[in-house]
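Each remark here refers to the structure printed beneath this line.
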Amino acid sequence: VGDQESFEAFDGIHNGIIITNNQISIDMGDVMEIKKIGKDLFIDTGSPHHIVFVDGLSDLDVKTLGKAIRYGEPYLHEGSNANFVQKLNQTEFNIRTYERGVEEETLACGT
């Protein structure tokens, strides 16, 4: 607890600190720009993320919808992760992610 660690990802070095035996805090860097794409958002955290706010998150076909976003305009070949987010209240959100490279829904995106 309190130990600091670092690791290198494709977007550079990230530093973290161990908070408890099963919890860490990682500096992922600042998001410098948020773009609005229709009703959706786009952020680049070192890895691109297209964000869609939805209702009924648990019933969503994340693979089909995520794949369409990942390979669609404006991303095409480079692609983007697709995050589907449902707001629960003022401070809590649920999220499901289609991750490019994995080409599937993942339980936790690295970002």
Side-chain angles (χ1 to χ4, degrees):
V1 177
D3 292 337
Q4 294 188 14
E5 298 289 338
S6 64
F7 64 92
E8 185 174 3
F10 75 92
D11 63 336
I13 301 291
H14 296 273
N15 298 305
I17 186 167
I18 299 171
I19 297 172
T20 68
N21 287 336
N22 62 359
Q23 187 178 21
I24 61 171
S25 174
I26 299 173
D27 177 10
M28 297 301 290
D30 294 335
V31 172
M32 302 308 285
E33 182 178 14
I34 300 172
K35 294 180 184 174
K36 194 159 173 93
I37 299 175
K39 292 190 253 177
D40 302 340
L41 300 175
F42 175 82
I43 62 171
D44 191 339
T45 63
S47 183
H49 289 267
H50 184 100
I51 303 164
V52 182
F53 287 90
V54 299
D55 292 319
L57 182 63
S58 62
D59 298 324
L60 209 63
D61 183 351
V62 170
K63 184 173 182 177
T64 300
L65 295 171
K67 187 174 184 177
I69 291 169
R70 187 258 194 263
Y71 288 104
E73 289 282 349
Y75 310 114
L76 301 175
H77 299 294
E78 183 178 311
S80 177
N81 294 313
N83 302 109
F84 302 94
V85 179
Q86 182 172 4
K87 185 175 182 177
L88 301 177
N89 58 48
Q90 287 300 103
T91 60
E92 295 179 306
F93 299 83
N94 279 345
I95 183 170
R96 292 177 65 192
T97 298
Y98 177 91
E99 191 166 349
R100 72 180 181 143
V102 178
E103 308 310 327
E104 187 67 67
E105 180 176 3
T106 57
L107 297 178
C109 178
T111 313

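What you see is a predicted model; the values in this text were computed from it and never measured.
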To the closest 0.5 Å, what do you measure between [atom1] ([X]) and [atom2] ([Y])?
{"X": "I43", "Y": "M32", "atom1": "CD1", "atom2": "CE", "result": "13.0 Å"}
{"X": "N83", "Y": "I69", "atom1": "CG", "atom2": "CD1", "result": "9.0 Å"}
{"X": "I26", "Y": "S6", "atom1": "CD1", "atom2": "OG", "result": "11.0 Å"}
{"X": "T45", "Y": "D30", "atom1": "OG1", "atom2": "CG", "result": "11.5 Å"}
{"X": "Q23", "Y": "I19", "atom1": "CD", "atom2": "CD1", "result": "4.5 Å"}
{"X": "K87", "Y": "N94", "atom1": "NZ", "atom2": "CG", "result": "13.5 Å"}

Name every donor-acceptor pair, under 3.5 Å, that has one atom in a side chain of residues 52-68 and the other anywhere in the protein, sequence neighbours excluded.
residue: D61; atom: OD1; partner: T64; partner atom: N; Å: 3.2
residue: D61; atom: OD1; partner: T64; partner atom: OG1; Å: 3.2
residue: D61; atom: OD2; partner: T64; partner atom: OG1; Å: 2.8
residue: K63; atom: NZ; partner: E104; partner atom: OE1; Å: 3.2

| request: Could you tell me which residues satisfy side-chain hydrogen bond (donor to acceptor under 3.5 Å, both in side chains) with E105, sequence neighbours excluded, listed by chain and number? | output: R96
| message | Looking at every non-hydrogen atom in both residues, tell me the closest pair between V102 and T106 and how far apart they are. | response | CG1-CG2, 3.8 Å
| request: Quick one: closest heavy-atom pair of N81 and H49, and the distance? | output: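 Closest approach of N81 to H49: ND2-CE1, 3.4 Å.
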| request: Flag yes if L88 and F84 sit in one hydrophobic cluster, no otherwise; membership is Ile, Leu, Val, Met, Phe, Trp, Tyr, and two members link when side-chain heavy atoms are under 4.5 Å apart. | output: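 No; F84 is not reachable from L88 via cluster members.
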| request: Verify the cluster assignment for I37 and I51: are they in a single hydrophobic cluster under the rule of side-chain heavy atoms below 4.5 Å apart? | output: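 I37 does not cluster with I51.
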| Is the count of non-hydrogen atoms from other residues, nucleotides or ligands lying under 6.0 Å from I34 atom CD1 greater than 12? |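 12 or below, so no.
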| Quick one: are Y75 and P48 in side-chain contact, heavy atoms under 4.5 Å? | no
| query | Which of these passes side-chain hydrogen bond (donor to acceptor under 3.5 Å, both in side chains) with Y98: H50, E103, R70? | reply | E103
| request: Could I get the full list of side-chain contact (heavy atoms from CB on, under 4.5 Å) partners for L76, not counting sequence neighbours? | output: E73
